[in-house]
There are 2 protein chains.
Amino acid sequence: MSTAKTKGPGHILVVDDDREICTLIGKFLKKRDYRVTLVGNGHEMRRALGEWSIDLVILDLMLPGEDGLQLCRDLRARSTIPIIMLTVMSEETDRIIGLEMGADDYLAKPFNPRELLARIKAVLRRVKTNADATSQTRPRTLYFSGWRLEIGRRQFFSPNGLLVDLSGGEFDLLVVFAEHPQQVLTREQLLDLTHGRSQGAFDRSIDMQISRLRRKIEISHSAPELIMTVRGGGYSFTSNVSQHEPSDP
Amino acid sequence: MSTAKTKGPGHILVVDDDREICTLIGKFLKKRDYRVTLVGNGHEMRRALGEWSIDLVILDLMLPGEDGLQLCRDLRARSTIPIIMLTVMSEETDRIIGLEMGADDYLAKPFNPRELLARIKAVLRRVKTNADATSQTRPRTLYFSGWRLEIGRRQFFSPNGLLVDLSGGEFDLLVVFAEHPQQVLTREQLLDLTHGRSQGAFDRSIDMQISRLRRKIEISHSAPELIMTVRGGGYSFTSNVSQHEPSDP
DNA sequence: CCGCGACGGTTACACTATGTTACCAAAAAG
DNA sequence: CTTTTTGGTAACATAGTGTAACCGTCGCGG
């Protein structure tokens with residue numbers, strides 16, 4: 001998997017086993033200031049979706065040993081992320097388009113990059129237009145080590161039930177950690193998942209946020225228990241995160 | 001202009017000066033239970049749009065004496081109605097520009113009717129998916145954190161049942177928040193949803209409205225609980241909004 | 001065991017976004 | 001037409017966040 005470090009109008013995940021097409025799309029979109037992540041199969045796709053903040057998926061229908069249609073349905077079943085399918089130009093195309101697999105748009109290979117861009121923009125435009133009314137918000141609350149994190153109302157409570165005063169950025173960071181427990185997150189991932197932005201070489205802003213966050217949630221100042229540093233790797237949230245309130249001990 | 005009065009999956013407006021193509025499309029779609037209206041130029045198109053409830057427009061880019069691209073752009077500027085363009089096979093540029101102008105798909109002439117049908121279905125399906133979420137009728141009374149917001153009557157009651165005196169703009173803003181709970185709304189969105197206008201770069205009027213609204217509905221003046229600011233993002237209404245009066249505590 | 005280099009934690013500071021007060025113009029009320 | 005209310009702009013106060021710099025610590029090789 002390769003990830004380009006570009007800020008811009010969105011982060012696009014390209015799922016295609018064809019190196020050449022990947023490179024082509026990647027270069028083209030990067031030039032247009034999109035952030036691009038390239039993967040070659042369904043497994044990598046799922047991983048990338050967990051690791052990055054993806055705005056749109058471009059999915060090849062023909063992946064070796066996999067069913068693109070099924071991938072698309074799975075994806076749609078679990079999220080509302082926009083999908084553009086790449087299909088082979090043939091008579092089959094029409095039938096595929098007719099299938100209700102839930103993609104937002106389709107494009108036959110070989111294609112003109114400008115057309116891809118136009119369709120990307122169109123899909124993102126439609127999504128944006130509908131973003132207002134669409135959002136069905138479930139009250140998501142996460143629990144860990146006695147703490148309670150209410151994501152929807154952006155509030156965080158300590159084990160003794162007191163509201164903890166976190167700044168917006170600190171809260172976002174904590175949410176990302178709680179949603180990715182027990183795995184190492186690089187600074188770049190953290191930056192992407194919190195701000196949707198990519199980092200320059202010497203960006204230490206995440207370190208600062210970590211430091212400030214720790215000051216407010218770590219009991220022991222010298223031995224962090226919730227957010228552990230992984231030297232050379234990033235940070236890892238060590239606690240067990242549950243979606244339900246633990247039974248009182 | 002000729003209109004076929006058939007009930008069915010949708011009402012399609014075909015804009016093409018070529019009699020033969022019109023007839024072809026018309027017959028084909030009518031056979032599939034679509035309602036079809038055929039017109040030959042931009043003027044008739046606008047009239048038809050005013051007279052009927054059109055679900056989708058099929059627009060020929062090559063109309064005598066008119067610019068199909070311009071028509072497409074005008075259409076898109078005024079509504080979100082789905083558009084499928086008909087283009088000449090050789091003019092790839094036109095197709096792309098069309099997509100950039102806001103068309104939802106295109107089809108090169110000459111085309112296979114089945115292909116047209118597939119694309120019509122695909123486009124309508126996309127729109128329908130979106131529309132479902134959009135078109136729920138909004139309840140006129142909302143409850144949150146003990147407060148009661150009667151949208152129709154434009155009255156707002158505090159937890160102790162007293163009428164709160166809000167100005168018109170403050171009320172509008174509160175309604176927007178209550179209808180989009182637990183999600184971050186940018187200043188631009190707020191301005192658009194309240195006044196239907198877009199903002200200049202340094203517009204702080206929303207900040208003022210927020211400040212004034214907070215003064216009237218926030219208990220703690222220093223730590224807002226209902227309207228939380230998201231630095232760099234906008235504001236978020238944190239409360240759980242219910243359509244029904246909560247059971248008495 | 002010591003020293004070096006890289007990495008990460010922290011402090012200080014600059015900058016930017018936001019909150020708020022004061023003031024004024026436009027709109028509504030009378 | 002006068003009074004009142006509302007909403008917007010300007011200006012200042014304040015909190016949040018990124019950058020730079022300094023230092024401590026960890027790993028590693030000598």
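Heavy-atom distances to DNA chain D give each of D203(A) and L166(A) a nearest nucleotide, and the one nearer the 5′ end belongs to L166(A). Comparing H195(A) and G168(B) against DNA chain D, the residue whose closest nucleotide sits nearer the 5' end is G168(B).
At least one cation-pi condition fails for R148(A) and Y143(A): the charged atom is not both under 6.0 angstrom from the six-membered ring centre and inside a 45 degree cone around its axis. Taking the centre and axis of the six-membered ring of F28(A), the NZ or CZ atom of R32(A) falls inside the cone set by 45° and 6.0 Å.
The separation between M228(A) atom CE and dG8(C) atom P is 14 Å, rounded to whole Å. Rounded to an integer number of Å, the gap from CG of L185(B) to P of dT18(C) is 14 Å.
Looking at I58(A) and D16(A), their side chains never come closer than 4.5 Å, going by heavy atoms from C-beta outward. Within the 4.5 Å cutoff, no side-chain heavy atoms of S205(B) are placed close to those of M208(B). A heavy-atom distance below 4.5 Å is found between the side chains of V123(B) and R126(B).
Here Y235(B) lies in heavy-atom contact (under 4.0 Å) with sugar-phosphate atoms only.
Applying the salt bridge (charged side-chain N to carboxylate O under 4.0 Å, His left out) test to R119(A) and every residue at least two apart in sequence or in another chain returns D105(A), E115(A), D105(B).
The outermost nucleotides of DNA chain D lying under 4.0 Å from heavy atoms of chain B, listed 5' to 3', are dT6(D) to dT17(D).
Proximity of R204(A) to the phosphate of dT10(C): no side-chain N or O atom is located under 4.0 Å from OP1 or OP2. Contact between the side-chain N/O atoms of T229(B) and the OP1/OP2 oxygens of dA17(C) is not found at any separation under 4.0 Å.
For F156(B) and W147(B), the distance between ring centers is under 6.0 angstrom.
For the residue pair Q209(A)/D172(A), the side-chain donor-acceptor check at 3.5 Å is not satisfied.
Using a 4.0 Å cut-off on heavy atoms, the residues of residues 206-216 of chain A that approach DNA chain C are D207(A), M208(A), S211(A), R214(A), R215(A), listed by number.
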